[in-house]
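Atoms considered below: every heavy atom in the structure, side chains included; atoms not considered: hydrogens, waters and symmetry mates.
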2 protein chains.
Amino acid sequence: MLIRKQGNPLYKQIADLLEQEIHQFYKAEDSLPPEQELADRFSVNRHTLRKGIDQLVTKGLVERVHGRGVFVLSGPLDYSIGKASRFSANLVALGKGSDCRLLRKVEIKAQGNIAKSLELELGAPVIWLETLRSVEEKPLCVISHYLPKQRLGENPIEYQGGSLHAYLKGLGIKPIRKMSTVTAVLPMDDDATLLVMSSYQPILRVKTLNRDEVTGLPIEYALARFRADRTQLSINID
Amino acid sequence: MLIRKQGNPLYKQIADLLEQEIHQFYKAEDSLPPEQELADRFSVNRHTLRKGIDQLVTKGLVERVHGRGVFVLSGPLDYSIGKASRFSANLVALGKGSDCRLLRKVEIKAQGNIAKSLELELGAPVIWLETLRSVEEKPLCVISHYLPKQRLGENPIEYQGGSLHAYLKGLGIKPIRKMSTVTAVLPMDDDATLLVMSSYQPILRVKTLNRDEVTGLPIEYALARFRADRTQLSINID
DNA sequence: AAGTGGTCTAGACCACAGC
DNA sequence: CTGTGGTCTAGACCACTTA
């Protein structure tokens, strides 16, 4: 049935076969037969079978659940830009999300990129906030904020959610966005979970540095991860 | 050195270690030591080592070349979006050699988004150019350009490659970028092929509208698809 | 021919889910 | 407990590149 051939390895043939069968005979939520059973059926080692399934996982066709099985995912997603524009996030309006939940608040020591971007000494105290912003009840982006503790005045950080920039304003700080860089990647596991998305859809990664309008010193370094299918960054140039 | 622990498999630890080392000691184009050598060094099986490298490949950090080795990829190019920025200028500024190949040149009738963006009547003639731009011999992005024929003067479009904006300038047109939107998607098959990338790595989609500086009329509507692993868009806000 | 990555097998044990 | 996927080892051979 399966033939070893150059350029068409067994695991690929298996992936193709399974993909066909999935489209023909399976529906979303169905589980595939156990790996060992499939391996026996194709007369290959379980490792080879697994590699075949890996292809389908990467493709976003199926999903592995430890201890339970391999499950067929619902059909391909629509990546049309028209759909995305409904949820368009304006770059300038960033940080003004309608709902903002605080996931984490810790004090860490500045190091690497964070120290460099914030223009801090290594080891200087930094407040690390992790926020999740949703629009219309649907999670849109996760943002890691890094704030230099020493530049926040004597006030302890009591931010609990809502607009972070509004909170900072209350401390007499007015953050001004100076630079952003944008790139696209596939999400880390944690982010995929928070954003309730599959690991095979891209996310937009926006890195931003905000400076205090008064002192001109860096006041916030932020790394935002947007669900790309719900986001379109608009950049207007005057 | 490496410790077996739940939730932190060896291959992941290896990936993390290698990533660190790559950032510290390697530069683009460098090759990693052979797989067997690395496996010995970490005292793991070559399969386990390979799975670690797989992580880095997925991450876009390194690239495998059969029979030659594993090579470190160059970091993303920083592509800046600003008023006058053009592709060629961007890369020249980075000191990189670039190349622009014309893939297609057709005349079509304006419709839908194109007509709307270019502020044309439905059915008005539009020149559709498809270009592939490479940097250092490696494909970076595919761009679809839509030019309103009637605004190009009497000149037939004789553009054959190279800088498109330089060519337009020769026609007495100076395009100014007015708006861009950015989003991330998985590539269409054709684009993935042209960009020599996997269909599961995201691309950055940048939609741009350029207006003629003199008349203020839309002169170019462009839809660019960048390999996200080689691109970082910089947005500077004044 | 030698060196590199690519594929496959065989067998083992672990971790998680559900009965 | 049993059944599932997850990780790791050991060894083999193939395919591609370079010299």
Sorted by number, residues from residues 24-44 of chain B placing a heavy atom under 4.0 Å from DNA chain D are B:S43, B:V44
A:A228 and B:T183: which non-hydrogen atoms are nearest, and at how many Å?
-> O-OG1, 3.3 Å
Please state how far atom CZ in A:F71 lies from atom C1' in C:dC16, giving the value in whole angstrom units.
-> 12 Å
Can any side-chain N or O of A:Y26 pair as donor or acceptor with the backbone N or O of A:E19 at less than 3.5 Å?
-> no
When the distance from CD1 of A:I53 to P of D:dG5 is rounded to whole Å, what number comes out?
-> 7 Å
The residue, B:G67 or A:L49, whose nearest nucleotide of DNA chain C is more 5′ is B:G67
Please confirm whether the backbone N or O of A:I203 pairs with a side-chain atom of A:R205, one donor and one acceptor, at under 3.5 Å?
-> no
Can you check whether A:T48 has a side-chain N or O nearer than 4.0 Å to OP1 or OP2 of C:dT7?
-> no
Can you tell if the side chain of A:V44 reaches within under 4.5 Å of the side chain of A:I14, non-hydrogen atoms only?
-> yes
What is the distance, rounded to the nearest whole Å, between atom CD of A:Q13 and atom C1' of C:dT7?
-> 12 Å
Which one, D:dC8, C:dC8, C:dC16, comes nearest to the side chain of B:L10?
-> D:dC8
Within the structure, does a side-chain N or O atom of B:K51 lie under 4.0 Å from either OP1 or OP2 of D:dT7?
-> yes
Mark yes when over 12 heavy atoms from residues, nucleotides or ligands other than A:Q111 sit less than 6.0 Å from its CD; otherwise mark no.
-> no
C:dG18, D:dC8, D:dA10: which one has an atom nearest the side-chain heavy atoms of A:R68?
-> C:dG18
Rounded to whole Å, CD of A:Q55 lies from C1' of C:dG6 at a distance of 13 Å
May I ask you to verify if any side-chain N or O of A:Y11 is less than 4.0 angstrom from the OP1 or OP2 atom of C:dT7?
-> yes
Checking A:K105, A:R101, A:R225 against A:E130 for salt bridge (charged side-chain N to carboxylate O under 4.0 Å, His left out), the one that qualifies is A:R225
Out of D:dT9, D:dT18, C:dT7, which nucleotide sits closest to the side chain of A:H47?
-> D:dT9
Among C:dC16, C:dA10, C:dC8, which is the nearest nucleotide to the side chain of A:H66?
-> C:dC16
Distance check: side-chain N/O of B:R50 vs OP1/OP2 of C:dG5, anything under 4.0 Å?
-> no
Protein-nucleotide distance (B:N45, atom CG; C:dA12, atom P), rounded to Å | 16 Å
For the atom pair CG (A:L164) and CZ (A:R133), what is the distance rounded to the nearest 0.5 Å?
-> 6.5 Å
To the nearest angstrom, how far is B:D54 atom CG from C:dG5 atom P?
-> 12 Å
Would you kindly check whether a donor in the side chain of B:R46 faces an acceptor in the base of D:dG11, or vice versa, at under 3.5 angstrom?
-> no
